[in-house]
Amino acid sequence: MRISTTIFLKKKQMRPEILYPLFGSLTSIGGLGEKSAKLLQNLDCRLIKDLIFHLPSNMVDRRYSPKLADAIPGRVATLKVKVIEHIAPQKKSQPYKVIAADETEQIIISFFKAYPSTIQKNLPLNQWVAISGKLEKFNNSLQMSHPDYIVPAAQIDSIRTIEPVYPLTAGISNKMLRKWILQALARTPQLPEWIDENLLKEKKWLSFNQSLLNLHHPQYLADLDINSPERQRLAYDELLANQLTLAIARQKIKKQAGRSLKGNGLLRKKLMEILPFKLTEAQEKVLREIFADQASPYRMLRLLQGDVGCGKTIVAFFSMLNAIECGAQAAIMAPTEILAKQHQETIAPLCEELGITCALLTGKTKPKQRKEILAELEEGKINILIGTHALFQENVIFKDLAYAVIDEQHRFGVHQRLNFSNKGNKADILVMTATPIPRTLLLTAYGDMEYSKIDQVPEGRKPVSTLVMPIDKIHDVVSALSRKLQQGARAYWVCPLVEESEKIDLAAAEERYESLKKYFGDQVGLVHGKMKEAEKDAVMEKFKKGEISLLVATTVIEVGVNVPEATLMIIEHAERFGLAQLHQLRGRIKRGFQASTCILLYSHPLSETSRARLNIMKETEDGFRIAEEDLDLRGGGELLGTKQSGFNTFKLADLSVHKGLLLTASQDAKLFIAQDPDFTSPRGKALKNLLYLFERDEAVKTYNQ
């Protein structure tokens with residue numbers, strides 16, 4: 001079948017005309033100037049369409065409109081009253097009072113720090129007016145302070161309504177925002193339906209336009225619930241745009257001409273003979289999947305996910321050997337120098353035994369050595385290049401790069417990944433991560449990739465014993481640590497990241513380092529993010545060699561530190577860490593085959609979320625379960641503990657609530673692409689509008705470059 005999924009985007013087609021009104025400038029709205037437009041950027045509103053997607057978070061019901069004698073204090077009420085008297089304050093601290101009444105009772109309307117002339121103009125003597133605000137009872141008198149609305153009595157119906165309450169930013173009031181949103185809604189065109197008819201009926205969803213109108217004109221608080229039919233409908237629209245984009249990209253990549261890599265197996269056979277361990281069944285299964293991709297005439301783009309210590313690097317090495325057996329080159333790129341060096345330490349001795357060459361290239365490589373490496377790389381004398389972002393530079397030229405491995409993908413953006421792949425001759429790409437990714441995030445962030453998972457640890461590796469203790473027992477912990485260090489153990493002591501201030505973060509680590517030095521003297525080392533790379537490396541090297549036994553660190557050790565002899569991890573103020581981060585840190589003591597212990601120290605009071613997080617860490621080491629729980633506890637706002645480049649964030653959908661909708665959208669997108677790859681059906685044309693509406697056109701174009 002001819003695949004032309006992105007044909008409608010290949011010519012960088014302009015946005016559909018029907019959407020023009022929604023992509024207008026905010027300043028084209030009446031009463032919205034440049035200053036307000038700038039402030040609205042704090043609410044992620046840049047275009048008119050962003051205003052219609054800025055949904056209310058609450059509502060005020062102003063329909064309660066009793067006679068004063070029947071009015072209930074504590075409620076918001078809209079009242080029709082006649083102004084009887086103005087009482088100016090005798091002192092600055094006193095309010096300006098207006099006495100008003102209806103046929104049944106009087107009310108005092110109070111104003112603090114207000115201009116008398118404005119009050120007299122809005123509440124003229126002996127005139128009937130309508131006021132709306134919260135009723136209170138003070139000294140047996142009914143009162144209303146600073147009414148939200150004051151209008152002539154004839155206009156009472158204009159304020160006797162339900163008023164949506166929106167998330168705001170400094171300088172923008174709810175009234176202003178409401179006025180602008182109503183103008184934006186008035187400009188919203190009637191868009192053709194893009195959701196499958198059967199799904200609409202099954203879910204009992206209204207149209208896109210009607211759902212928007214209902215959400216901005218709620219009748220009950222339940223209408224604004226994240227699982228209301230209208231909110232579900234809009235969440236599905238956003239998720240479908242995301243899944244459709246990834247399905248398009250996936251088809252495009254799957255059909256890109258690649259090269260078939262089928263090595264003779266000699267290097268791989270030799271490697272199997274020299275390895276001191278057997279591959280696990282999970283590793284063998286993943287290798288079969290990768291080898292099948294490499295043999296295919298199309299380009300490979302596969303994500304390899306595996307928990308800390310499951311053996312991803314050796315799997316990557318086997319698949320690199322397949323490329324080398326074909327006479328081509330391979331490369332592995334890591335996000336940090338520490339991680340790149342760790343890969344070199346694993347791979348270099350094996351390369352030597354196999355009679356092939358590998359080299360390390362980072363930003364710290366000396367000019368003379370760098371020049372030699374680049375020359376040998378271009379001549380094809382280097383079989384495997386290991387490095388950091390330095391591999392992106394233009395003067396890094398391979399003779400024939402056929403296979404690229406990218407480690408810890410979530411630290412690289414999509415553009416970097418594509419840039420790296422372009423260095424090769426139709427190079428296959430394997431992306432690896434030790435960060436467990438929940439299925440929902442796999443679908444939204446990596447839906448363009450094939451997916452493999454190593455869900456098994458090497459035989460003989462012992463589970464980590466995880467203890468949760470209050471920080472006031474720190475002296476007991478230090479005593480236990482002392483006994484362990486005397487027995488020859490090595491340990492990490494991690495201090496938390498204080499996001500508001502790196503200085504506080506550093507001070508906390510340095511303070512703990514100084515206090516532990518009093519106990520353990522020169523056995524203690526300190527590593528933090530502000531240190532120069534050379535200093536950091538020197539301390540790490542001492543820790544690896546056992547010259548120091550205790551490493552005090554900030555979260556700089558989260559990724560890429562490999563010391564199998566380290567069997568004890570103490571995490572201070574563990575309640576401040578995300579689940580994914582705690583799991584990554586605990587993984588540092590899962591490198592060897594000895595029993596290890598992780599102690600999570602917490603401070604009171606513990607929030608319910610923090611308590612749940614620490615309990616999960618105590619209960620399980622399964623990174624995949626931890627990732628799912630982390631998503632549920634955090635909500636969809638943050639992914640994997642930090643907002644990383646390359647992931648999609650959503651404005652209308654919440655991945656912790658709308659998982660079911662995401663799975664439906666994923667299936668829907670795949671089915672649609674299979675049936676209508678050219679987007680020529682009526683639904684296909686409507687779906688083009690959807691992609692452009694959610695600005696997914698750029699995402700698709702990224703894959704066309």
Nearest atoms (heavy-atom pairs only) where Leu526 meets Ala509: CD1-O, 4.0 Å
CD1-CD distance between Ile454 and Glu284, expressed to the nearest 0.5 angstrom: 11.5 Å
Residue pair Thr388 / Pro335, side-chain heavy-atom distance below 4.5 Å: no
Donor-acceptor contact below 3.5 Å, side chain Asp428 vs main chain Met300: yes
Close side-chain approach of Leu568 to Trp493, heavy-atom, < 4.5 Å: no
Asp522 CG: over 12 foreign heavy atoms closer than 6.0 Å: no
side-chain hydrogen bond (donor to acceptor under 3.5 Å, both in side chains) evaluation trace for Gln294 with Asn322: CA-CA 8 Å; Gln294 288 179 313; Asn322 184 30; 2.7 Å; yes
Contact summary for Arg268 and Gly263, nearest pair of heavy atoms: NH2-O, 3.4 Å
Leu304 side chain near Val315 side chain, heavy-atom distance below 4.5 Å: yes
Donor-acceptor under 3.5 Å (Arg490 side chain, Leu550 main chain): no
Under 3.5 Å donor-acceptor, Gln329 side chain and Leu377 backbone: yes
Chi angles and distances behind the side-chain contact (heavy atoms from CB on, under 4.5 Å) call for Leu401, Leu385: CA-CA 10 Å; Leu401 177 65; Leu385 184 64; over 6 Å; no
Leu301 vs Arg299, side-chain contact (heavy atoms from CB on, under 4.5 Å): CA-CA, chis, key distance, verdict: CA-CA 7 Å; Leu301 181 57; Arg299 286 184 76 173; over 6 Å; no
With Leu663 via side-chain contact (heavy atoms from CB on, under 4.5 Å) - residues at least two apart: Arg439, Leu443
Derivation and outcome, salt bridge (Lys or Arg N to Asp or Glu O under 4.0 Å), residues Asp537 and Lys532: CA-CA 9 Å; Asp537 286 352; Lys532 290 179 179 171; over 6 Å; no
Any side-chain heavy-atom pair of His528 and Glu510 under 4.5 Å: yes
Side-chain donor/acceptor of Glu337 to backbone N/O of Gly363, under 3.5 Å: no
Distance in Å, Lys544 NZ paired with Met540 CE, rounded so as to fall on 0.5 Å steps: 6.0 Å
Thr567 (side chain) donor-acceptor with Ala489 (main chain) under 3.5 angstrom: no
Minimum heavy-atom distance Ile571-Cys598, with the two atoms named: CD1-SG, 4.2 Å
Closest approach of Glu325 to Leu266 (non-hydrogen atoms, all atoms of both residues): OE2-N, 3.4 Å
Worked check of side-chain contact (heavy atoms from CB on, under 4.5 Å) between Ile429 and Val431: CA-CA 6 Å; Ile429 294 181; Val431 168; 3.9 Å; yes
Side chain Glu621, main chain Val464, donor-acceptor under 3.5 Å: yes
Sidechain-backbone polar pair: Gln305 side chain, Met432 backbone, donor-acceptor under 3.5 Å: no
CD1-CG distance between Ile397 and Leu374, expressed to the nearest 0.5 angstrom: 8.0 Å
Stepwise side-chain contact (heavy atoms from CB on, under 4.5 Å) check, Leu287 with Leu279: CA-CA 10 Å; Leu287 277 172; Leu279 294 182; 3.8 Å; yes
Met617 side chain near Leu600 side chain, heavy-atom distance below 4.5 Å: yes
Main-chain N/O of Thr466 paired to Arg586 side chain as donor or acceptor, under 3.5 Å: no
Sub-4.5 Å side-chain heavy-atom contact between Leu551 and Val563: no
N/O donor-acceptor pair under 3.5 Å between Gln283 side chain and Gly311 backbone: yes
Shortest non-hydrogen contact between Cys358 and Ala348, atoms and distance: SG-CA, 3.7 Å
Qualifying salt bridge (charged side-chain N to carboxylate O under 4.0 Å, His left out) pairs, either residue in residues 355-365, two or more places apart: none
Thr365 and Arg370 side chains, donor-acceptor separation under 3.5 Å: no
Test item: side-chain donor near acceptor, Ser319 and Tyr403, under 3.5 Å: yes
Side chain proximity check, Tyr513 to Val524, heavy atoms < 4.5 angstrom: yes
Residue Glu535 excluded, over 12 heavy atoms near CD under 6.0 Å: yes
Flag if over 12 foreign heavy atoms under 6.0 Å of OH, Tyr451: yes
Side-chain touch Val494/Val552, heavy atoms, less than 4.5 angstrom: no
Atom of Gly578, atom of Arg613 and distance for their closest heavy-atom approach: C-CD, 4.0 Å
Approximate separation, where rounding is to 0.5 Å, of Ile626 CD1 and Gln584 CD: 10.0 Å
Reported CD-to-CD1 distance for the pair Gln342 and Ile386, which is rounded to 0.5 angstrom: 11.5 Å
Full working for ring-ring contact (aromatic ring centres under 6.0 Å, His included) between Tyr492 and Phe543: CA-CA 10 Å; Tyr492 297 102; Phe543 186 58; 5.1 Å; yes
Under-4.0 Å salt bridge between Glu379 and Lys399: no
Criterion salt bridge (Lys or Arg N to Asp or Glu O under 4.0 Å) on Lys285 and Glu281, from CA distance to verdict: CA-CA 6 Å; Lys285 175 179 169 287; Glu281 286 179 21; over 6 Å; no
Approximate separation, where rounding is to 0.5 Å, of Ile373 CD1 and Thr357 OG1: 11.0 Å
Sidechain-backbone polar pair: Arg625 side chain, Ile616 backbone, donor-acceptor under 3.5 Å: no
